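Comments concern the structure below.
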Amino acid sequence: IENGNRDFIDAKINPGEMNIMLFTSGTTSKSKSVMLSHKNLCTNILDIGECFEVNETDTFLSFLPLHHTFECTVGFLYPISVGSTIVFSRGVRHIAAELKEFKITAMISVPALVEKMYDKIMKAIEEKGKMSFVKKGITLSNALLKVGIDVKKKFFKEIYQSLGGYLRIVVVGGAPFSVEKEKGFWDLGFNVLQGYGLTETSPVIAAELTKQKRIGSIGKKMPSVEVKIDNPDEKGVGELLAKGDSIMLGYYENEEANEEVFDKDGWFHTGDLARIDKDGYIFISGRKKFVIVLKNGKNVYPEEIEALIDRSDLIKESMVYGMPDDDDDVKIGVKVVYDKEYIKNKFGFDIKEVGIDSGYDTIDIKKYLHDNNIYGVIAYRRYAKAETTVRKNRFKYIKESDCYICPETGAILEYTGRIDRNGYKYYSSKENCDNCPQKKGCCNKKEYRTITRHICEELNEEMRERRLSDKGKELYKLRKEKVE
């Protein structure tokens, strides 16, 4: 160019011919070859430019494969078009360091990574005992935001610093994003936006904007794209159709597949079920091919139920499916994968111990607890005189060695760990001595309170008998003699 060579600048471009061929993932069907043109990609880039406020001062972090249209268009071609800097990550495990080292301001990601980042943030807050402060900060900052005052970056400065301190926009796409964690990021002041699209649409059809966002939606359609719902049901849910200059030319040498996705009016059938609210926000319900139809004609969307199940910290992932029933109907079934690491860290309980390998069926928790002399699962709070705040909840198992049994009420009383100046141990329980005929109140101390959670009523019946055992009465008698 410096020597006057204008071959690149003056190159003639046919915007309507195929310039790139990409293959679909083939996750749910046979992989197909997608033909995209110069016009397809450039139209989508111009649409993105109208929606996001990004310029030459921004630095993008790129870690997704460039042969995916999401990363190629949104994380590569678009930043180049506005003069932004792109940093190519060395790998997922280096992202935390790279956010700080390169002062990353924008990032394109899949939900799995962003959700994992959120979990780590929450875990760090809980370990530092700052959860109550953060919750109060969220409530106050949200109230101030309603009147136009944004103090989230000041309130949650430490959290911002943990992600580099410069990150101002994260675009998430490629899979469903947890509604709970999306809201969690927004409550902390992070600009996390969800987008939607397919390889066949170059790829973005719709996206959330900083000032146009509705939690749980994929935002509104791109400026050049038309969308509509095909054959909506009573809830407004039907297949999402799209039309516009960013829609592919077709599948390479596959007329049968082209006829399946394009109707006679040129609308592209995405295969996703969705609804559009009165303000134009689009909500995805799931894949059309995965919908479960019950005998009464009701449609069940597995992805919506899975999203609710996956909100539990105990569950890593789930799969909802339909099972044939004896009366020619369909029952809804679910398989779950437990988060073994979370369960072990939180409860001190190895899920493998109640697995098939140990001789216990995973549903036979009661037998496991009984055989291991565990009375129940408890959550306790300690109230110390010198402290003004309540410590965080802790969970553990109660074993017989940790408690004594009141023969009057049958209450299981846990040792609090506190010994008074006379050497007597303090025991406490929610099942206190209010109903004790002696009205001594020896089982409940104001400063140290225990909240007992028993597994189930059947187990409680077994425990009630064990509470009045000879050993329990003996323990109570020994303690009473010591006090006297």
Side-chain angles (χ1 to χ4, degrees), residues 12-22 24 32 34-55 58 60 66 68-84 106 108 169 171-174 191 193-214 217-230 232 238-252 258 261-284:
K12 292 182 180 181
I13 297 171
N14 183 347
E17 70 178 4
M18 180 184 69
N19 279 317
I20 185 171
M21 185 184 293
L22 296 166
T24 59
K32 297 182 283 289
V34 176
M35 300 185 292
L36 296 179
S37 67
H38 189 275
K39 185 178 182 179
N40 291 151
L41 293 170
C42 288
T43 299
N44 208 234
I45 292 169
L46 291 173
D47 278 348
I48 296 168
E50 289 187 38
C51 297
F52 298 120
E53 298 175 355
V54 175
N55 55 46
D58 285 295
F60 277 71
L66 282 175
H68 287 190
T69 49
F70 180 46
E71 179 67 20
C72 181
T73 304
V74 187
F76 180 65
L77 297 177
Y78 170 60
I80 288 177
S81 72
V82 295
S84 299
I108 311 302
I169 182 171
V171 180
V172 179
N191 191 19
L193 306 171
Q194 189 170 187
Y196 165 81
L198 300 90
T199 303
E200 292 91 334
T201 58
S202 302
V204 186
I205 291 177
E208 294 179 306
L209 311 182
T210 305
K211 296 180 181 178
Q212 291 184 2
K213 181 175 178 67
R214 191 154 293 174
S217 79
I218 56 169
K220 297 183 178 182
K221 70 177 186 67
M222 292 284 102
S224 71
V225 179
E226 295 179 62
V227 295
K228 72 175 183 178
I229 302 298
D230 186 38
E239 186 177 8
L240 182 65
L241 309 186
K243 182 192 284 189
D245 289 337
S246 59
I247 309 300
M248 68 171 180
L249 300 175
Y251 296 117
Y252 182 69
N258 288 330
V261 297
F262 287 104
D263 62 24
K264 61 181 181 179
D265 296 320
W267 287 94
F268 172 73
H269 289 243
T270 64
D272 287 316
L273 295 171
R275 63 180 176 86
I276 304 175
D277 69 12
K278 61 180 182 179
D279 297 318
Y281 290 94
I282 305 170
F283 294 81
I284 300 294

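All values below come from the heavy atoms of this structure, side chains included, with hydrogens, waters and symmetry mates left out. As the structure is a prediction and not an experimental result, all values here were calculated from the model.
- The closest donor-acceptor contact from the side chain of E239 to the backbone of G271 lies under 3.5 Å.
- Side-chain contact between D47 and V204 is absent, with no heavy-atom pair separated by less than 4.5 Å.
- Side-chain contact check for L209 versus L193: every heavy-atom pair is 4.5 Å or farther apart.
- Taking the side chain as every heavy atom from C-beta outward, H269 and D263 approach each other to under 4.5 Å.
- Rounded to the nearest 0.5 angstrom, L240 CG and F283 CZ are separated by 13.0 Å.
- Side-chain N or O atoms of T201 include none that pairs as donor or acceptor with a backbone N or O of I247 at under 3.5 Å.
- In this structure, the separation between CD1 on I20 and OG1 on T69 is 8.5 Å, given to the nearest 0.5 Å.
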>> Please determine whether side-chain contact (heavy atoms from CB on, under 4.5 Å) holds for the pair I108 and V171, giving the CA-CA distance in whole Å, both sets of side-chain angles, and the decisive distance to 0.1 Å.
In response: CA-CA 5 Å; I108 311 302; V171 180; 3.8 Å; yes
>> Between I282 and Y196, does the side-chain contact (heavy atoms from CB on, under 4.5 Å) criterion hold? Intermediate values first, please.
In response: CA-CA 10 Å; I282 305 170; Y196 165 81; over 6 Å; no
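- Between atom CD1 of residue I13 and atom OG of residue S37 there is a gap of 11.0 Å, rounded to the nearest 0.5 Å.
- In this structure, the side chains of P79 and V54 stay at 4.5 Å or more apart for every pair of heavy atoms.
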>> Quick one, M248 with V261, criterion side-chain contact (heavy atoms from CB on, under 4.5 Å). Give me CA distance, side-chain angles, the key distance, then yes/no.
In response: CA-CA 11 Å; M248 68 171 180; V261 297; 4.2 Å; yes
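- Applying the side-chain contact (heavy atoms from CB on, under 4.5 Å) test between P203 and each of N44, N40, L198, L36 identifies N44 as the sole match.
- Taken to the nearest 0.5 Å, the OG atom of S81 stands 8.5 Å off from the CD1 atom of I48.
- Between E226 atom CD and L241 atom CG the span is 11.0 Å, to the nearest 0.5 Å.
- Of the N and O atoms on the side chains of S224 and D245, not one donor lies less than 3.5 Å from an acceptor on the other residue.
- Taking both residues in full, the closest heavy atoms of Y78 and F52 are given as OH-O, 3.3 Å, listed atom of the first, atom of the second, then distance.
- Atom CD of E53 sits in a sparse spot, with 12 or fewer heavy atoms from other residues, nucleotides or ligands closer than 6.0 Å.
- The distance from the CZ atom of F60 to the CD1 atom of I169 is 7.0 Å, given to the nearest 0.5 Å.
- Remark: E208 engages K213 in a salt bridge, criterion side-chain N to carboxylate O under 4.0 Å.
- You'll find the side chain of I276 stays beyond 4.5 Å of the side chain of K221, heavy atoms only.
- Considering only heavy atoms from C-beta on, W267 stays 4.5 Å or farther from D230 through its side chain.
- Between E50 and P223 the shortest heavy-atom distance is OE1-CG, 3.7 Å.
- The two residues E200 and T24 come nearest to each other via the heavy atoms OE2-CG2, 3.5 Å.
- At least one side-chain heavy atom of K220 sits less than 4.5 Å from a side-chain heavy atom of Y281.
- Contact detail for S84 and D58: the closest heavy-atom pair is CB-O, 3.5 Å.
- At least one donor-acceptor pair under 3.5 Å links the side chain of Q194 to the backbone N or O of S217.
- The side-chain heavy atoms of T43 and S202, taken from C-beta on, include no pair separated by under 4.5 Å.
- What you find for R214 and D277 is that their closest heavy atoms are NH1-OD2, 2.8 Å.
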